[in-house]
Amino acid sequence: MPNAPRLRLVLGDQLNLNISSLRDADPSHDLILMCELSVEATYVRHHKQKLVLVLSAMRHFAKQLKEEGFKVRYLRLDDTENSGSFTAEIEKILSSSDCRHCVMTEPGEYRLKLQFEQWQQAHPEYTLEVREDDRFLCRHEEFRQWTEGRKQLRMEYFYRWMRRRYKLLMDGEQPVGGNWNLDAQNRNPLPDTQRPPKPVRFPPDRITQEVIDLVEDRFHNHFGDLHEFGWGVTAAHAKEALDSFIRERLPLFGDYQDAMRAGDPWLYHSHLSVYINLGLLDPMQAIRAAEAAYESGSAPLNAVEGFIRQILGWREFVRGLYWLWMPDYPRLNYLQADRPLPGFYWDAKTDMHCLQQCIQDTHKHAYAHHIQRLMVLGNFALLAGIDPTAVNEWYLLVYADAYEWVELPNVHGMILYADGGALASKPYAAGGAYINRMSNYCTRCRYDVKQKTGTNACPFNYLYWHFLERNINLLRHNPRMALAYRNLERMKEELREETNRSAQIFLQQLD
Ligand SMILES: Cc1cc2nc3c(=O)[nH]c(=O)nc-3n(C[C@H](O)[C@H](O)[C@H](O)COP(=O)(O)OP(=O)(O)OC[C@H]3O[C@@H](n4cnc5c(N)ncnc54)[C@H](O)[C@@H]3O)c2cc1C
Ligand code: SF4
């Protein structure tokens with residue numbers, strides 16, 4: 001029926017006027033529903049900055065919708081009539097009006113998808129129309145088709161396919177410059193003299209300050225610090241962050257993409273994931289802005305290709321895999337890792353300076369860049385054999401950009417190899433030498449990165465070999481691990497025993 005009123009549900013990470021649920025919304029008929037739910041804030045105890053970011057961005061978005069003439073029913077966390085459930089709120093409205101039809105964009109988490117499906121089954125008298133989330137650049141069906149007939153799903157081939165589809169950095173059928181991937185140029189440590197520009201931060205306005213007070217009051221026992229809250233909470237903020245990245249950081253993004261420096265997680269990264277994941281910034285807008293910088297000569301190809309690969313390649317790839325492999329994926333534990341998460345992941349009380357710094361950055365900003373997440377925090381969890389469920393929960397709650405569709409494949413597949421190599425072709429395991437090469441962490445560490453065994457040796461060194469020993473039957477056959485195992489076998493028996501002993505002592509103390 002034309003012009004029949006519709007209820008439009010907008011979830012907290014769908015803050016975009018062009019989202020599929022709102023695209024045909026009619027301000028004169030339709031009602032938009034937005035809910036702050038206690039259960040969403042606490043199903044894992046999210047970092048306080050993440051709570052402020054999402055709640056404040058939701059409130060700003062609702063304000064914008066009202067200014068555009070829409071009727072909005074907005075339930076705050078502390079509203080007395082807030083039932084605490086999306087479906088109960090939908091039902092309340094549908095049962096008390098002429099409207100029988102609710103439109104929403106599909107949720108980003110399997111858990112919520114199931115909730116809505118179950119409600120629809122129980123309530124055939126209403127229609128819940130769930131539309132595809134076309135903020136993503138690869139639709140579910142397209143991704144499924146791409147996977148068909150492939151023995152292995154590898155990001156690199158998906159990325160090339162996406163580049164061709166979107167004609168990005170292409171010269172006819174070939175990549176501009178002749179190479180698809182310029183990562184080999186992007187592995188430079190940051191010289192001491194190099195001073196990255198300050199990141200764009202946004203001082204809290206009245207709405208954000210109100211939410212900060214609310215979060216301090218209701219969620220004071222959650223992880224994280226609120227003092228340095230400076231995330232943007234509107235699409236205009238996100239655009240400003242994008243413009244500043246393109247102007248000031250993109251030219252060196254590639255060169256220093258893998259570098260780490262004590263006390264500075266921002267470096268030349270974009271800090272845009274929070275905005276893209278919330279809906280405040282369109283991923284293609286970020287990609288096109290980087291491409292334009294290359295075309296105008298203001299950023300080199302290694303930077304622009306590297307940045308585009310992260311969004312067009314990795315981001316879309318992990319999202320495709322999440323929906324392909326849920327709900328069984330989180331239950332996989334290929335390496336049978338079962339050690340509890342060490343307490344220092346919460347309070348940063350460890351002598352390992354690299355871990356201490358990355359955890360402090362995370363606590364202070366709800367942010368750490370990719371290599372900190374992968375090669376320090378993640379590498380340690382892999383080498384120490386920490387239970388994937390505990391590691392997943394930690395990553396899901398500590399980062400402001402974390403939602404299960406992106407967190408789970410990165411943690412379960414990329415860092416923990418819990419899927420036995422379905423996502424990554426080999427475990428990202430490394431000793432202290434890698435961290436020493438890419439950072440200045442080791443210069444102020446109580447451990448010696450050059451020592452291999454004993455109480456002063458860098459724990460990453462003996463844990464690396466112990467990891468290989470422990471998992472020999474599971475990893476030896478992997479051709480990409482052949483060199484590592486050849487090196488292990490060449491090791492003198494005495495040193496091999498000493499390495500294992502050092503690792504065992506360390507792990508016992510950890511327990
Ligand atoms: C263990 C682990 C957990 C992670 N958890 C998350 C998460 O919960 N949420 C999240 O958005 N990203 C996650 N990532 C990916 C990546 O670390 C972050 O996207 C990035 O650090 C965000 O900072 P940035 O915006 O400055 O990124 P930049 O370094 O500037 O990269 C540009 C953009 O590329 C995208 N991107 C880059 N790498 C990835 C990736 N591996 N997967 C998906 N998108 C990517 C992001 O949108 C990012 O904004 C995780 C990576 C690892 C190794
Ligand atoms: S010596 Fe080892 S533990 Fe210490 S900072 Fe370097 S890599 Fe980390």
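Throughout, residue positions are numbered sequentially from 1 according to the sequence presented. Whatever order the structure lists ligands and atoms in, that order sets their numbers, starting from 1.
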Asks: Any idea which atoms of ligand 2 are less than 4.0 Å away from a heavy-atom of Tyr447?
Replies: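 By the 4.0 Å cutoff, the relevant atoms are 1 (S).
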
Asks: Report the part of Phe307 (side chain from C-beta onward, or backbone N, CA, C, O) that has a heavy atom under 4.0 Å from ligand 1; answer both or neither where that applies.
Replies: side chain

Asks: Among all protein heavy atoms, pick the one closest to atom 2 (Fe) of ligand 2 and tell me residue, atom and distance.
Replies: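 Its nearest protein heavy-atom neighbour is Cys458 SG, 2.3 Å.
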
Asks: Can you figure out which of Ser273, Ala381, Ala241 has its heavy atom closest to atom 48 (C) of ligand 1?
Replies: Ser273

Asks: Given the ring of Tyr43, does Arg111 sit roughly above its face, with NZ or CZ under 6.0 Å from the centre of the six-membered ring and within 45° of the axis?
Replies: yes

Asks: Are any of the N/O atoms in Tyr395 less than 3.5 Å from those in ligand 1?
Replies: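 Among all N and O atoms of Tyr395, none is under 3.5 Å from an N or O of ligand 1.
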
Asks: Could you work out, for atom 20 (C) of ligand 1, the closest of His269, Met375, Met155, Arg373 by heavy-atom distance?
Replies: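 Result: the heavy atom closest to atom 20 (C) of ligand 1 is in Arg373.
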
Asks: Using ring centroids (six-membered ring only for Trp), state whether Tyr110 and Trp405 fall under 6.0 Å.
Replies: no

Asks: Under 6.0 Å from the six-membered ring centre of Tyr403 and within 45° of its axis: does the NZ or CZ of Lys50 meet both?
Replies: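 So Lys50 does make the cation-pi contact.
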
Asks: First locate atom CD1 of Ile371, then atom NE2 of His369, and finally report the distance between them rounded to the nearest 0.5 Å.
Replies: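 Nearest 0.5 Å value for the CD1-NE2 distance: 7.0 Å.
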
Asks: Locate the shortest heavy-atom distance separating Met375 from Ile435; write the atom from each residue and the value.
Replies: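 Heavy atoms only, the tightest pair is O-CD1, 3.7 Å.
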
Asks: What atoms of ligand 1 come closer than 4.0 angstrom to any heavy atom of Ile311?
Replies: 33 (C), 34 (O)

Asks: Which residue and atom name correspond to the protein heavy atom nearest atom 11 (O) of ligand 1, and how close is it?
Replies: Asn277 ND2, 2.9 Å

Asks: Before accepting this row, confirm whether a basic side-chain N of the pair Glu469/Arg496 lies closer than 4.0 Å to the acidic partner's carboxylate O.
Replies: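 Salt bridge present between Glu469 and Arg496.
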
Asks: Is there any N or O on His369 that sits under 3.5 Å from an N or O of ligand 1?
Replies: no

Asks: Indicate yes or no for a side-chain donor-acceptor contact from Asn436 to the backbone of Cys442 under 3.5 Å, with no hydrogens or angles considered.
Replies: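 Such a contact is absent between Asn436 side chain and Cys442 backbone.
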
Asks: So if I count the atoms of ligand 2 from 1 in the order they appear, which ones are less than 4.0 Å from some heavy atom of Val449?
Replies: 1 (S)

Asks: Please list, in number order, the atoms of ligand 1 under 4.0 Å from a heavy atom of Leu272.
Replies: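 Numbered from 1, ligand 1 contributes 25 (O), 49 (O).
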
Asks: Under 4.0 Å from a heavy atom of Cys445: give me the atoms of ligand 2 that qualify, with their elements.
Replies: 1 (S), 3 (S), 4 (Fe), 5 (S)

Asks: So for ligand 1, is Ile276 a polar contact partner (N or O within less than 3.5 Å, distance only)?
Replies: no

Asks: Could you tell me, atom by atom, which parts of ligand 1 come under 4.0 Å of a heavy atom of Ser270?
Replies: 24 (P), 25 (O), 26 (O), 27 (O), 28 (P), 30 (O), 32 (C), 49 (O)

Asks: Short list, please: which atoms of ligand 1 are under 4.0 Å from a heavy atom of His271?
Replies: 24 (P), 25 (O), 26 (O)

Asks: What residue and atom, counting heavy atoms only, is the protein's closest point to atom 16 (C) of ligand 1, and at what distance?
Replies: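 The closest one turns out to be His370 ND1, 3.4 Å.
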
Asks: What part of Met414, side chain, backbone, both or neither, has a heavy atom within less than 4.0 angstrom of ligand 1?
Replies: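 For Met414, only side-chain atoms sit under 4.0 Å from ligand 1.
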
Asks: What atoms in ligand 1 come closer than 4.0 Å to a heavy atom of Phe253?
Replies: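 Under 4.0 Å from Phe253, ligand 1 has these atoms: 28 (P), 29 (O), 30 (O).
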
Asks: Kindly state whether the ring of Tyr367 and the ring of His271 have centres lying under 6.0 angstrom apart.
Replies: yes

Asks: For atom 36 (N) of ligand 1, what's the nearest protein heavy atom and its distance?
Replies: Gln310 O, 3.6 Å

Asks: Checking a contact table here: which protein heavy atom is nearest atom 47 (O) of ligand 1, and how many Å away?
Replies: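 Residue, atom and distance for the closest contact: Arg315 CD, 3.6 Å.
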
Asks: Which of the numbered atoms in ligand 1 are under 4.0 angstrom from any heavy atom belonging to Ile415?
Replies: 1 (C)

Asks: If I take atom CZ from residue Phe158 and atom OG1 from residue Thr147, how far apart are they, to the nearest 0.5 angstrom?
Replies: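 Between atom CZ of Phe158 and atom OG1 of Thr147 there are 10.5 Å.
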
Asks: Side-chain donor-acceptor pair under 3.5 Å between Asp255 and Asn302, yes or no?
Replies: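 Side chains of Asp255 and Asn302: pair found under 3.5 Å.
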
Asks: Where is the nearest protein heavy atom to atom 12 (N) of ligand 1: which residue, which atom, and how far?
Replies: Val406 CG2, 3.6 Å

Asks: Is the positively charged end of Arg150 above the ring of Tyr157, judged by distance under 6.0 angstrom from the centroid and angle within 45° of the axis?
Replies: no

Asks: Can a cation-pi geometry be assigned to Arg163 and Trp161, taking NZ or CZ under 6.0 Å from the six-membered ring centre and within 45° of the ring axis?
Replies: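 No, a cation-pi geometry is absent between Arg163 and Trp161.
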
Asks: Which one holds for Leu377 and ligand 1: side chain close, backbone close, both close, or neither close, with close meaning a heavy atom under 4.0 Å?
Replies: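 It is neither part, as no heavy atom is under 4.0 Å.
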
Asks: Which ligand 1 atoms are under 4.0 Å away from a heavy-atom of Glu407?
Replies: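 Atoms satisfying the 4.0 Å criterion: 8 (O).
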
Asks: Could you check, using the six-membered ring where one of them is a Trp, whether Trp266 and His365 have ring centers closer than 6.0 angstrom?
Replies: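 Yes, ring centres under 6.0 Å apart.
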
Asks: Counting heavy atoms only, which part of Phe245 comes closer than 4.0 Å to ligand 1: side chain, backbone, both or neither?
Replies: neither

Asks: Classify the ring geometry of Phe245 against Phe307: parallel below 30°, tilted from 30° to 60°, perpendicular beyond 60°.
Replies: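 Aromatic pair Phe245/Phe307 classed tilted.
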
Asks: Give the residue, atom name and distance (to 0.1 Å) of the protein heavy atom nearest atom 5 (S) of ligand 2.
Replies: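 I find the closest protein heavy atom is Cys354 N, 3.5 Å.
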
Asks: Identify the protein heavy atom lying closest to atom 8 (O) of ligand 1, giving its residue, its atom name and the separation to 0.1 Å.
Replies: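 Ranked first by proximity to atom 8 (O) of ligand 1 is Ala402 CA, 3.1 Å.
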
Asks: In terms of side-chain geometry, is the basic nitrogen of Arg319 or Glu316 positioned less than 4.0 Å from the acidic oxygen of its partner?
Replies: no

Asks: What is the closest protein heavy atom to atom 23 (O) of ligand 1, and at what distance does it sit?
Replies: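 Ranking protein heavy atoms by distance from atom 23 (O) of ligand 1, first comes Tyr367 CE1, 3.3 Å.
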
Asks: Report the nearest protein non-hydrogen atom to atom 39 (C) of ligand 1: residue, atom name, distance rounded to 0.1 Å.
Replies: Trp314 CB, 3.9 Å

Asks: Has Arg480 got a side-chain atom pairing as donor or acceptor with Lys426's backbone, closer than 3.5 angstrom?
Replies: no

Asks: Would you verify whether the NZ or CZ of Arg201 falls within 45 degrees of the ring axis of Trp231 while also being under 6.0 Å from that six-membered ring's centre?
Replies: yes

Asks: Tell me the nearest of Asp401, Asn410, Val391 to atom 4 (C) of ligand 1, using heavy-atom distances.
Replies: Asn410

Asks: Could you tell me, atom by atom, which parts of ligand 2 come under 4.0 Å of a heavy atom of Cys442?
Replies: 1 (S), 5 (S), 6 (Fe), 7 (S)

Asks: Are the side chain of Gln49 and the backbone of Asp225 linked by a donor-acceptor contact shorter than 3.5 Å?
Replies: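 Yes, because the side chain of Gln49 sits within donor-acceptor range (under 3.5 Å) of the backbone of Asp225.
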
